[in-house]
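In what follows, a structure is listed as structure tokens, so that the remarks can point back to it.
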Amino acid sequence: MFPARYWREMPQRYRLEAGKCKRCGKVCFPPRLVCPKCGNRTFDTVRLADEGVLKTYTVIRVAPSQFTGQSPYAVGIVELDGGVLITTQVVDILLDEIKLGQRVRVEFRRVQEDGSAGIICYGYKCVPAA
Amino acid sequence: MAGIVGYGAYVPVHRIKVEEIAKVWGADAESYKKGLALVEKSVPSLDQDTITMSVEAARNALKRAKIDPSLIEATYVGSESHPYAVKPSGTVVSEAVGTSRNTHCADFEFACKAGSEAMFVCVGLVNGDTVKYGLAIGADTSQGAPGDALEYSAAAGAAAFVFGKEDGVAKVVATHTFMTDTPDFWRREYEYYPRHGGRFTGEEAYFRHVATASKQMMEKVKMKPQDFKFAVFHQPNGKFPMKVGEMLGFKREQIEAGWLAPILGNTYSGSSPMGLTAILDVARPGDMILMTSYGSGAGSDSFVYEVTKKIDEVRDVAPKTRQQLDKKRYVEYGVYAKFRGKIRMAD
Ligand SMILES: [Zn+2]
């Protein structure tokens with residue numbers, strides 16, 4: 001990943017910062033320029049909850065090159081408390097132990113790195129809660 | 001006077017047993033377990049490093065501190081395993097936890113003493129009214145060379161503390177330090193694994209510095225071992241902290257609460273700071289705590305804390321250190337070697 005793109009996405013990747021529409025209140029994650037619900041262009045910055053429920057997941061067995069060392073791994077859709085859905089890796093759990101509806105917690109992890117000489121990209125992943 | 005306003009630890013979920021490592025190298029597990037007083041150690045997974053663990057420990061500390069992170073004006077990460085050779089760990093941690101953009105940020109390095117250094121400097125800056133709140137972190141994902149005695153103990157973990165000019169959960173009664181130039185353990189640039197002086201790492205290195213710093217500290221505050229409810233010393237293995245405690249006149253019961261090495265291993269810069277978090281998890285208002293770190297090279301930082309009644313309000317707000325230690329998943333040596341990057345991969 002190019003340093004500039006990674007840098008631009010830091011607020012959402014590091015702190016789960018979302019945009020809350022000033023007109024209709026819809027929370028967009030990742031943040032958007034235009035509210036998909038009402039077309040408004042002004043947002044407040046809000047931070048999403050750091051816990052939620054795993055709604056669905058899939059197991060990636062043939063991974064893109066920068067993730068091959070991690071495969072097989074689970075990518076799920078998590079509904080964070082407050083209702084926003086995020087797509088995220090689910091880690092620190094055996095693949096056959098993952099259960100739909102289980103509580104998960106957001107943790108800060110390495111997401112990918114640009115070889116051994118490039119930048120390390122950090123972001124969120126989910127782990128089993130408690 | 002400065003106090004610890006919030007504290008937190010982070011322990012990765014994976015563990016490897018001494019037996020599993022010994023099996024690979026044809027070593028006698030029982031003699032390692034006995035010699036090191038250690039049965040297993042924590043293992044970071046592929047997506048964990050000093051930065052990720054620092055962020056998690058800092059988030060736990062901030063939950064307990066109950067302050068707006070933007071009030072943090074100093075962010076220091078002490079480690080000997082910073083992920084980048086050039087580029088600070090502290091900037092990532094600072095952005096991830098949302099400190100002030102005017103936070104003074106630096107990475108510290110002094111073998112296993114880097115975490116307590118960060119704490120020492122934060123205490124000074126708070127006491128001198130330079131910063132309102134300071135975040136000090138000790139974290140490491142250190143490696144021992146395969147088959148070396150260090151491989152049985154080199155572990156991963158982090159501890160974070162928010163210091164402020166209020167009593168917080170524990171007042172910082174005094175700080176003290178002692179150092180000499182002692183080449184007991186080192187790693188040269190571009191070398192992957194550290195080297196050590198074998199038995200030389202004992203008497204003239206660990207024991208001399210920890211004992212001297214602790215003794216001088218007790219003279220400074222006019223206290224004796226029996227005046228402390230708890231003591232925590234750097235834990236390169238399970239044996240050394242108990243031995244130095246006994247040398248100084250402490251009893252086993254005073255050391256046990258913060259004695260994590262037997263089931264955690266040596267978390268280097270995180271070691272005595274993590275022990276302190278485990279002590280704060282069980283301490284009562286009024287308890288006095290002595291903490292003395294050790295970093296090869298060599299030096300020790302010593303701290304005396306007095307626990308306040310605020311501890312009861314915050315200890316359950318974030319995961320306790322021993323709770324995290326209880327949550328574990330064992331890995332075999334092959335997986336451990338993969339997690340630790342010990343396997344040569346194709347480009
Ligand atoms: Zn809208």
Side-chain angles (χ1 to χ4, degrees), chain A residues 3 6-17 45-51 63 65-75 88-98 104-130, chain B residues 10-15 43-60 62-63 68-70 82-87 89 91-99 139 141 158 192 318-320 323-324 326-331 335 338-341 343-347:
Chain A
Y6 168 62
W7 174 79
R8 271 197 300 277
E9 294 173 355
M10 275 179 191
Q12 69 218 44
R13 289 177 181 274
Y14 282 19
R15 298 187 296 273
L16 288 175
E17 283 186 6
T45 298
V46 293
R47 278 181 78 166
L48 303 180
D50 61 4
E51 280 202 28
S65 59
Q66 65 272 43
F67 295 97
T68 45
Q70 299 179 45
S71 65
Y73 57 90
V75 173
T88 172
Q89 262 179 262
V90 183
V91 295
D92 283 5
I93 185 167
L94 294 178
L95 295 175
D96 56 10
E97 287 176 2
I98 300 177
V104 292
R105 187 166 50 78
V106 175
E107 273 200 10
F108 196 73
R109 296 289 174 113
R110 275 180 187 232
V111 176
Q112 55 173 298
E113 58 187 305
D114 184 11
S116 60
I119 59 163
I120 305 165
C121 301
Y122 294 91
Y124 53 83
K125 291 186 185 179
C126 279
V127 300
Chain B
Y10 182 80
V11 185
V13 75
H14 296 102
R15 304 282 185 282
V43 178
S45 56
L46 276 170
D47 59 0
Q48 293 182 301
D49 60 24
T50 285
I51 288 177
T52 66
M53 297 191 306
S54 294
V55 169
E56 289 303 316
R59 284 177 176 165
N60 286 335
L62 279 160
K63 278 181 187 162
D68 180 349
S70 70
H82 292 290
Y84 287 95
V86 177
K87 194 203 166 300
S89 300
T91 53
V92 185
V93 176
S94 161
E95 291 262 15
V97 303
T99 72
T141 55
Y192 196 62
K320 294 189 182 112
Q323 274 174 353
Q324 296 187 55
D326 289 343
K327 213 176 93 177
K328 58 190 167 187
R329 185 178 290 285
Y330 290 104
V331 292
V335 173
K338 176 180 158 184
F339 281 1
R340 302 307 287 124
I343 300 174
R344 189 180 294 268
M345 307 287 286
D347 285 334

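Sequence lines set the chain letters: A, B, ... in the order given, protein chains first and strands last, and positions in each chain run from 1.
In this structure, the side-chain contact (heavy atoms from CB on, under 4.5 Å) partners of V91(A), at least two apart in sequence or on a different chain, are Q89(A), R109(A), K125(A), V127(A), D47(B). With sequence neighbours left out, V106(A) forms a side-chain contact (heavy atoms from CB on, under 4.5 Å) with L16(A), D50(A), L80(A), Y124(A), C126(A).
Residue contact with chain A, scored on non-hydrogen atoms closer than 4.5 Å, is absent for K87(B). Heavy atoms of V55(B) lying under 4.5 Å from chain A belong exclusively to its side chain. Heavy atoms closer than 4.5 Å to chain A are found in the side chain of E56(B), but not in its backbone.
One finds a salt bridge joining R110(A) and D49(B) here, because a Lys/Arg side-chain nitrogen approaches an Asp/Glu carboxylate oxygen to under 4.0 Å.
Taking chain A as the reference chain and counting heavy-atom pairs below 4.5 Å, the highest number among M53(B), Q324(B), H14(B), R59(B) is found for R59(B).
Note: Y122(A) and F108(A) have parallel aromatic rings, judged against thresholds of 30 and 60 degrees for the angle between ring planes.
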